[in-house]
Q: 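Encoded as structure tokens, here's the structure I'll be asking about.
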Amino acid sequence: MSVTPPPPAPASKSWTVRTRERAVDALPPEKLLPDGQPTYVASWIYVFGVASIAALSVIIASGSILALKGPAWWHYTGVGHFFNSIHMWGVELFFFVMVVHLWGKFWMAAWRGGRTRVWITGAVTFLVAVPTALTGYVSQQNFDAQWIATQAKDGLNAVGVGAFFNVTNFGQMYSWHVLLLPVAVVLLVGAHVLLVRRHGVVPPFEIDSRKAALASSSAAAASPAPPDGSPPPPTSIGAPS
Amino acid sequence: VSFLRPTDDTRPWTGGYAPYDLIKELFIAIGVIALLAIVLSVLFSSPDDPPSTIAQWSRQQPINFIADAAKELGGTSDTAEYGPPYNHNGEGQHAAFLYPQKWLGVSHPIDTTNDFVIGPLNTIPNDAALRSAVAEYQAAPAATKKAWGEAYAKPLEEYETATEEGKTPPSTVSADPATGAVTVRTSGAGPVPVMMSGLLGLAQSGGLDGDLLTSKQFFQTDYTKPLLFMADGGLLDERAEAQHLLGEQWGMMNETGSYPGQAWLWLYALWYQVEPFKASENADILVMLVMGALSLLFVCIPFIPVVNRLPRWIPIYRLIWREHYRAGQST
């Protein structure tokens, strides 16, 4: 008795197929994880983007260890205090490298060439990171937490936010700090990185069209495509700023 | 028109590519940042000044505690007159026609007379004199309560004023260092001295810290009431001033010790140092609105005329891409 193969799937595309095709169209693997970068990506300022992600990773790792042991652990053990210190310095480094990254991208006008959403996701990440840190400061269960909470409440109450975001409620602040706001930051950073990969790193200003053309053609002749042989990533998708 | 909406002449890159290992770069960056964080942790640790408690406050500053408790009882403390989200005794701050504090209403109700004083006093067992004093106070008309409160508060205010001005405080108020008991010599205060004495004893025993936590369930996480009670008094302020944390010392962007704190809040803290915010009764809402507007502008920089051209006009980009331009010039 022979087994009859199932009939081929109908031509109409499922949601899954459409999602997959759109994702692959927007970010084919060689564009998502390229093994080459445009030759103009040659400055220390580019380090601060990946340094921001690295600092966020350190924050999440140290914060996860603190969360595993509970909010009081770091007050009465040396190991706990050490991980709290790593967490705190991770946050300081995160904001430092992120601010340098933002200034660098401002002076590059990195929103050019259809990269407006790249700038917006980066800027919103910075703004969401601020309350993420604040909720950490008021969840410390020490004098800093007491003082910062009693001071921060006035600004938040004045604009009505205090009605549903109570900085003197430790339980609420701890929930926001270890789950809700970090998830928001990670999602924003993820969107930011995917947009960067999709649009590519913003090219330099063209200071002289003739020289720029010469530079382009010269460089292209030296290395016309990414080292993996894939075509150069297209750029300038989206509305110009 | 072109000035307001400049042409974006950025063209797709058609030039060369250099080998670049993104994943390796990420792992190296994580290693370097982790190492930096560890080195900073080893060298500088992190601050952890123990929290204050109401027991500590009432033992270290019993007169200040009594003075504040009398205001909580009479409804004249900062918390009692705060308005939303704690009570209806004030409208809260506003800016022009914007009253968001009032509009959002009372979400964390606090009645300082009952929540901070009467309620905790009712938890003290086996004290007939105290029970009688509380009953007498609750049965009295509002005008009588006010007169008792003012009679009791007057010598305490004189004492605090003299202390702040560095003068010899009046002998009408004294604290026994051995027992921590406070004596306020006054007349016409009705049952208030007995009530305040009872509350001071409860606070010094540590009982008031627990009583002020939300008491509807066993597990507690909401410290709004004890924090606001303590914030009305002098202990937190005194500790904060010593640790450069007051508003005029750039406030909450700092933290205890010589740590960087929330340095990214510098612009937020800056407004409180300058007029018209500094002297305004509505400073908090004004500063928050300014920061909200600036945050929106920050996000919208790509669309803001002039600002979005600054990077073109101020050629810092020549430094960033100097290798690229040098290669172009040498061609």
Side-chain angles (χ1 to χ4, degrees), chain A residues 36-40 42-43 45 50-51 54-55 57-58 84-86 88-90 92 95 107 109 111-113 116 119-120 123 127 142-144 146-148 150-151 154-155 157-160 162-163 168-171 203-205 211 214-216 218-220 222-223 226-227 235-236 240-241, chain B residues 8 10 12-20 25-26 29-30 33-34 36-38 40-41 45-46 48-49 51 85 93 100-101 103-104 107-108 221-224 227 231 236 239-240 245 251-252 255-256 260 262 264 284-285 288 295 298-299 302 311-312 316-317 320-321 323-324 327-328 331:
Chain A
Q37 288 283 19
T39 50
Y40 56 80
S43 165
I45 197 70
V50 71
S57 306
V58 170
N84 179 75
S85 302
I86 292 176
M88 187 203 84
W89 287 111
E92 298 291 347
F95 273 94
W107 292 115
W111 50 81
R112 290 176 294 126
T116 308
W119 172 269
I120 289 174
L127 296 176
N142 56 17
F143 176 67
D144 271 325
Q146 287 181 314
W147 180 253
I148 293 170
T150 54
Q151 297 302 294
D154 295 325
N157 287 340
V159 289
T168 54
N169 183 336
F170 164 75
F205 286 113
K211 283 180 182 173
L214 281 170
S216 282
S218 167
S223 176
T235 58
S236 298
S241 58
Chain B
D8 185 354
T10 307
W13 176 249
T14 54
Y17 284 73
Y20 208 100
E25 182 195 38
L26 176 64
I30 291 174
I33 294 287
L36 263 176
I38 290 169
L40 288 165
S41 300
S45 188
S46 55
D48 190 22
D49 281 25
Q93 298 190 19
Q101 194 168 347
W103 294 337
L104 270 291
S107 54
H108 316 299
T221 60
D222 186 355
Y223 291 81
T224 303
L227 265 178
L236 292 185
R239 288 187 70 181
L245 299 174
M252 65 174 191
E255 60 184 325
T256 50
Q262 300 178 85
W264 44 92
D284 293 306
I285 186 171
M288 290 293 278
S295 298
F298 167 55
V299 172
R312 187 65 159 130
I316 292 174
Y317 66 88
I320 294 170
W321 289 307
E323 296 294 334
H324 168 76
T331 306

Q: Determine the minimum heavy-atom distance between B:Leu104 and A:Gly160, stating which atoms define it.
A: CG-O, 3.4 Å
Q: Among B:Arg312, B:His108, B:Gln93, B:Glu25, single out the residue with the greatest number of heavy-atom pairs under 4.5 Å to chain A.
A: B:Arg312
Q: Which pair of non-hydrogen atoms, one from B:Trp13 and one from A:Thr39, has the smallest distance, and what is that distance?
A: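 Looking at all heavy atoms of both residues, the shortest contact is CZ2-OG1, 3.4 Å.
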Q: Who wins among B:Ala240, B:Pro100, B:Pro51 for the most heavy-atom pairs under 4.5 Å with chain A?
A: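 When all of B:Ala240, B:Pro100, B:Pro51 are compared, B:Pro51 has the most.
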Q: If we only count heavy atoms from C-beta on, is the B:Glu255 to A:Met88 side-chain gap below 4.5 Å?
A: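 The answer is yes, as the side chains (C-beta and beyond) meet within the 4.5 Å cut-off.
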Q: In a check of side chain to side chain contact (heavy atoms under 4.5 Å, CB included) between A:Trp147 and each of B:Leu227, B:Leu236, B:Asp49, which one passes?
A: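 Output: one option passes, namely B:Leu236.
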Q: Is there a side-chain contact between B:Tyr17 and A:Gln37 in this structure, where contact means two heavy atoms from C-beta onward sitting under 4.5 Å apart?
A: no
Q: Looking at the rings of A:Phe95 and B:Trp264, which for Trp means the six-membered one, are their centres under 6.0 Å apart?
A: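 Between B:Trp264 and A:Phe95, which both carry aromatic rings, the centre distance is below 6.0 Å.
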Q: Measuring from atom OG1 of B:Thr10 to atom CH2 of A:Trp111, what distance do you get when rounded to the nearest 0.5 angstrom?
A: 10.5 Å
Q: Go through B:Leu40, B:Leu36, B:Leu26 and name the one with the most non-hydrogen pairs under 4.5 angstrom from chain A.
A: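 The option with the most such pairs is B:Leu40.
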Q: Where the side chain of A:Ser85 meets the backbone of B:Ser41, is there a donor-acceptor pair that is under 3.5 Å apart?
A: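 No.
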Q: Please state whether the side chain, the backbone, both or neither of B:Trp103 comes within less than 4.5 Å of a heavy atom of chain A.
A: neither
Q: Taking the side chain as C-beta and beyond, is there a heavy-atom pair between B:Pro311 and A:Phe205 under 4.5 Å?
A: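 Yes, side chains in contact.
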Q: Counting heavy-atom pairs under 4.5 Å with chain B, which one of A:Ala42, A:Gly90, A:Ala109 comes out on top?
A: A:Ala109
Q: Are B:Thr224 and A:Asn169 linked by a side-chain donor-acceptor pair shorter than 3.5 Å?
A: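 Absent: no donor and acceptor within the cut-off.
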Q: Looking at A:Thr150, A:Val50, A:Asn157, which one has more heavy-atom pairs under 4.5 Å with chain B than the rest?
A: A:Asn157
Q: Counting only heavy atoms closer than 4.5 Å, note whether A:Leu127 contacts chain B via side chain, backbone, both or neither.
A: side chain
Q: Does any heavy atom of chain B fall under 4.5 Å from the side chain of A:Trp107, the backbone, both, or neither of them?
A: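 For A:Trp107, heavy atoms of backbone and side chain both lie under 4.5 Å from chain B.
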Q: Answer yes or no: is there a donor N or O on one side and an acceptor on the other, between the side chain of A:Asn142 and the main chain of B:Asp48, under 3.5 Å?
A: no
Q: What closest approach, in Å, do A:Thr168 and B:Asp222 show between heavy atoms, and which atom pair accounts for it?
A: O-OD1, 3.8 Å
Q: Between A:Asp144 and B:Leu245, does the side chain to side chain contact (heavy atoms under 4.5 Å, CB included) criterion hold? Intermediate values first, please.
A: CA-CA 9 Å; A:Asp144 271 325; B:Leu245 299 174; 4.2 Å; yes
Q: Relative to chain A, which of B:Ala231, B:Ala29, B:Ala34, B:Ser45 shows the most heavy atom pairs under 4.5 Å?
A: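 Option with the greatest count: B:Ser45.
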Q: May I ask you to name which of A:Gly171, A:Ala163, A:Ser43 has the most heavy-atom pairs under 4.5 Å with chain B?
A: A:Ala163
Q: Working to the nearest 0.5 angstrom, can you tell me the gap between A:Ile148 CD1 and B:Thr256 OG1?
A: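 Reported value, rounded in 0.5 Å steps: 8.0 Å.
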